[in-house]
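Here the structure comes first, spelled out in C-alpha cells, and everything after it is commentary.
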Amino acid sequence: PHLYATNSVFSTIGATGTPVKSADLLFIVDATGSMSDEINFLKKDLADILDRVEKMDLSMAIRTGALFYRDVGDEYLTRHSGFSDDFGVTTSFIAKQQAAGGGDWPEAVHSALESSLQDFSWNAGARTKIAFMLLDAPPHRDVKGVMESIHKSIDTYAAMGIKLIPVASSGIDKSTEFLLRMFAIATGGTYVFLTNDSGVGLDHIEATVGD
C-alpha cells in the first residue's frame, strides 16, 4: 500500500477526542468519445444525489473526488479533482468534462487505477472507502506491463480497504465483464451494469446474473 498511498491521512478527531465517522467516495470515469451519453447522465444525476446525501443526517464526514481518463495520444491521459468535503467542488469539476478521443476500443484503464491511488489522499481511518468506475472499454491487455499494473493496483485497493464498484456501460463484452467482476470480488465491491432499459448509450450485453 505504501507504494501508492503516500499521502493518506487519518480520520478527523472530534472535540470529544473520538474519531468522526468518515467516508471517501471517488468517481472514476472513462471520458473517451463513446462515453458521451454516460457522462451527460452522470452530470444530471450526481448533483441531485449528492444534494440529497448532504441533507441527510448521517453524522458522517463525507469527501468526494473525481478522476477522468482517456488514452495515450489523446488530449490528456488522466485529470482529476482531489477529495473535498465540499460536494460542489466535485460536481463542478464533473460538469466541465466532455467525452472525446479514444478511437480504438481499449483505453488507459491501468493509468486510471494508478492515478486513483497515487493522486488521491485516501483517508486511512475512514469507515467507508469506495471508488465507482464508469467505463465501456477494457484495458490494453496486449501492451506489456498493463495487466501487471492492474493486478498491482487491485491488490493495493484490497489492502487499503477500498471497494471498487465497476459500472459497465454499452460496449462491454463478456471478457471485460469477467475482468470487472474480478475487480469487484477482489476488493469487496459490487459489479454494476447498465442495460438497454436505461436508455443510456448504445446496446448493452445481457449480464450473467441470477433470477
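Scope of the values below: all heavy atoms of this structure, side chains included, with no hydrogens, waters or symmetry mates.
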Test side chain to side chain contact (heavy atoms under 4.5 Å, CB included) applied to Leu180 and Pro166, Ser175, Pro138, the passing residue:
Pro166
Quick test of your reading: applying salt bridge (Lys or Arg N to Asp or Glu O under 4.0 Å), list the pairs with at least one residue in residues 23-36, sequence neighbours left out, ordered by first then second residue.
Asp24-Arg63
Any idea which heavy atoms bring Tyr69 and Thr78 closest together, and the distance?
CB-CG2, 4.0 Å
What side chain to side chain donor-acceptor pair (under 3.5 Å) pairs are there with at least one residue in residues 127-141, not counting sequence neighbours?
Ser34-Asp136, Asp71-His140
Under a 4.5 Å side-chain heavy-atom rule over Ile, Leu, Val, Met, Phe, Trp and Tyr, are Val192 and Ile185 clustered together?
no
Taking side chain to side chain contact (heavy atoms under 4.5 Å, CB included) as the test, write out the residues that go with Ala186, two or more places apart.
Ile154, Met182
Linking Ile, Leu, Val, Met, Phe, Trp and Tyr by side-chain heavy atoms under 4.5 Å, what else ends up with Val72?
Leu77
Measuring only between side-chain heavy atoms, which start at C-beta, is Gln97 closer than 4.5 Å to Leu42?
no
Heavy atoms, side chains only, cut-off 4.5 Å: are Met35 and Leu134 in contact?
yes
Residues which pass salt bridge (charged side-chain N to carboxylate O under 4.0 Å, His left out) with Asp48, listed by chain and number, not counting sequence neighbours:
Arg52
Which residues satisfy the side-chain hydrogen bond (donor to acceptor under 3.5 Å, both in side chains) test with Ser115, sequence neighbours excluded?
Asp119
With Glu148 via side chain to side chain contact (heavy atoms under 4.5 Å, CB included) - residues at least two apart:
none
With a 4.5 Å limit on heavy-atom distance, are the side chains of Thr90 and Leu25 in contact?
no
Could you work out, with side chain to side chain contact (heavy atoms under 4.5 Å, CB included) as the rule, every residue matching Asp155, not counting sequence neighbours?
none
Does a side-chain heavy-atom distance below 4.5 Å link Val109 with Leu179?
no
Could you list the residues that satisfy side-chain hydrogen bond (donor to acceptor under 3.5 Å, both in side chains) with Thr176, not counting sequence neighbours?
Asp173
Is the shortest side-chain heavy-atom distance between Met147 and Pro139 below 4.5 Å?
yes
Tightest non-hydrogen contact, residues Ala137 and Ile172, listed as N-CD1, 3.7 Å
If the condition is ring pair (Phe, Tyr, Trp, His ring centres under 6.0 Å), which residues does Phe68 pass it with, not counting sequence neighbours?
Phe93
Of all the heavy-atom pairs spanning Ile39 and Ala31, show the shortest one and how long it is.
CD1-CA, 3.8 Å
If a pair satisfies salt bridge (Lys or Arg N to Asp or Glu O under 4.0 Å) and one of its residues is in residues 75-88, list it, with sequence neighbours excluded.
Arg70-Glu75, Glu75-Arg79
Identify, with sequence neighbours excluded, every residue that meets ring pair (Phe, Tyr, Trp, His ring centres under 6.0 Å) alongside Phe27.
Phe132
Looking at side-chain heavy atoms only, is the closest gap between Asn123 and Phe83 below 4.5 Å?
no
Crowding at CZ, Phe178 (>12 non-hydrogen neighbours, <6.0 Å):
no
Closest contact, heavy atoms only, Ala66 versus Ile94:
CB-CG1, 3.9 Å
Checking Val29 against Glu38 for the side-chain contact (heavy atoms from CB on, under 4.5 Å) test, could you report, in this order, the C-alpha distance in whole Å, the side-chain angles of both residues, the deciding distance, and whether it holds?
CA-CA 9 Å; Val29 183; Glu38 286 82 357; over 6 Å; no
